[in-house]
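Here is the structure we will look at.
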2 protein chains.
Amino acid sequence: MNDNKQSREIDTERRILEASAKVFMMKGKLGASMQDIADEAGINRTLLHYYFRNKDKLFDTVFEKVFARLIPAMVSIMTSDQPFQERLEQFVEAYSDMLLENPYLPVFVFQEISLNPHRIAETLKEQGFSPKKTFKKFRSELEEAGMDDMDPRHLFASLLGMVIFPYIGRPLFQTIAFQDDAKAYDAFLDERKKQIPQLLKLAFIGASVQKQ
Amino acid sequence: MNDNKQSREIDTERRILEASAKVFMMKGKLGASMQDIADEAGINRTLLHYYFRNKDKLFDTVFEKVFARLIPAMVSIMTSDQPFQERLEQFVEAYSDMLLENPYLPVFVFQEISLNPHRIAETLKEQGFSPKKTFKKFRSELEEAGMDDMDPRHLFASLLGMVIFPYIGRPLFQTIAFQDDAKAYDAFLDERKKQIPQLLKLAFIGASVQKQ
DNA sequence: GTCTATATGGCGATAGAC
DNA sequence: GTCTATCGCCATATAGAC
């Protein structure tokens, strides 16, 4: 009987969450007003409070969902049993695709966790990311590849930096290196899916040569 | 006669600018209140308005100064006439040192330019950064090194990403890879000054091998 | 130049009708 | 569940005394 109400309810909540994610990502937690979010969702401002009590709770809910998008690719790079270099490629591919669809995500997430560093620890555990195993496996694989002296954490940091930074630094890069040509920059972002693994591949070749 | 007043004046303005930079970087433009800044500077809140009229103007002044710190190392990598790989090393070194002293700078700057992408264009020109020449020179040097197929802009993006990202992602990395051990992470950041050029060096070796 | 006191506006939050 | 009306706070900004 109240199918209508229920479905409207679910729909409203979903619309709030989508609108919130969009507005929070584009304007930041403090820059976004409840009115902005209500407008984006096409609903009355009071409804936000009805569904999520207050701005903080709404933000927390949204942030957890958004932050979670960063994890799957990170988990996959350790659990998969494929050869090391293939996994690296897949990692870059998976991350790039996610970021191409969520270009505002990195700035938003890293801004928030730098203001509030502690909130991530629990979320990471909930998502089942166990770093110790990852880096141990990483290390033995690097040794097999002849890169004994490459700390796996450095490789991981470099990898993430190469993949994510072009999104964070887009306004800067696009201005200085692409004369503000957005389409050219989009193409550039897509190219990186091949360029990054290529750079790493060359490094592995270099390492194996130097080893001899 | 009014030496006292003048020097107090200069001192006050300098203290405001230093306090503003610190507070803005740690709390963000919107998170920082004029009262926060006044407290940090040890002065009355009204003085901020006396010297800089309003919060926006104060922020703009501070941002320009802070953003400018990103430029010199970028300029040096193109103007210097030393061998290519040495310049890469110096670039990493210079940037890392600057970031070790300004760890909050990247999040702050990239947050702001992503909210307000246009403000950087003029500043860049004022600082005398001419990207076209840079990348042209870059390209010919990459060819000499046997990396014909490496777009210089990709190399530049990778380089900046590897250097800067560990600062932006510190809360994340430090949690997942260093069990929140801040000292260990500081050491890690310092190590990157050697690790990043080493990775690139291996890639160059790999490229020259593959070329044959 | 520096302070105290005050005006102004915006935003989050809630009460209450429907 | 959804809307209208309203309350109260806090931060920016300014007026005016010293």
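To find a chain, count down the sequence lines: A is the first, B the second, and so on, and within it residues start at 1.
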TODO: To the nearest Å, give me how far apart CG (A/L48) and P (D/dC3) are.
DONE: 11 Å

- [ ] Figure out the NZ/P separation between A/K55 and C/dG10, and round it to whole Å.
- [x] 15 Å

TODO: Find out whether the Lys NZ or Arg CZ of B/R119 is both under 6.0 angstrom from the six-membered ring centre of B/F63 and within 45° of the ring's axis.
DONE: yes

Open item on the list: Rounded to whole Å, how long is the line connecting atom NE2 of B/H49 with atom P of D/dA13?
Closed with: 4 Å

Open item on the list: Distance check needed: D/dC9 P versus A/N54 CG, whole Å only.
Closed with: 17 Å

Open item on the list: Between A/R153 and A/D151, does any NZ, NE, NH1 or NH2 come within less than 4.0 Å of an OD or OE carboxylate oxygen?
Closed with: yes

TODO: For DNA chain C, find the residues of residues 22-35 of chain A with a heavy-atom distance under 4.0 Å and give them by number; none if there aren't any.
DONE: A/A32, A/S33, A/M34

Open item on the list: Please tell me if A/Y50 has a side-chain N or O lying less than 4.0 Å from either OP1 or OP2 of D/dC3.
Closed with: no

Open item on the list: Working to the nearest 0.5 angstrom, can you tell me the gap between B/L88 CG and B/L200 CG?
Closed with: 6.0 Å

Open item on the list: Please determine whether a side-chain nitrogen or oxygen atom of A/T12 lies at a distance below 4.0 Å from atom OP1 or OP2 of D/dT2.
Closed with: yes

TODO: Could you tell me whether A/F110 and B/F165 have their ring centroids closer than 6.0 angstrom?
DONE: yes

Task: Atom pair CG/OG of B/L48 and B/S20 - distance to nearest 0.5 Å - done: 6.5 Å

Open item on the list: I need the CZ-P distance between B/F52 and D/dT12, as an integer number of Å.
Closed with: 16 Å

TODO: Is it possible for you to check whether A/K29 lies under 6.0 Å from the centre of the six-membered ring of A/F59, through NZ or CZ, and within 45° of that ring's axis?
DONE: yes

- [ ] In whole angstrom, give the distance that lies between atom CD1 of B/I37 and atom P of D/dA11.
- [x] 12 Å

TODO: Tell me what A/N44 touches on the nucleic acid: a base, only sugar-phosphate, or nothing, going by heavy atoms under 4.0 Å.
DONE: base

Task: Euclidean distance, atom CZ of residue B/R45 to atom P of D/dT14 [Å, nearest integer] - done: 12 Å

- [ ] Round to a whole Å and report the spacing from CG of A/L47 to P of C/dA13.
- [x] 15 Å

Open item on the list: For A/R53, is the CZ atom crowded, meaning more than 12 foreign heavy atoms sit under 6.0 Å from it?
Closed with: no

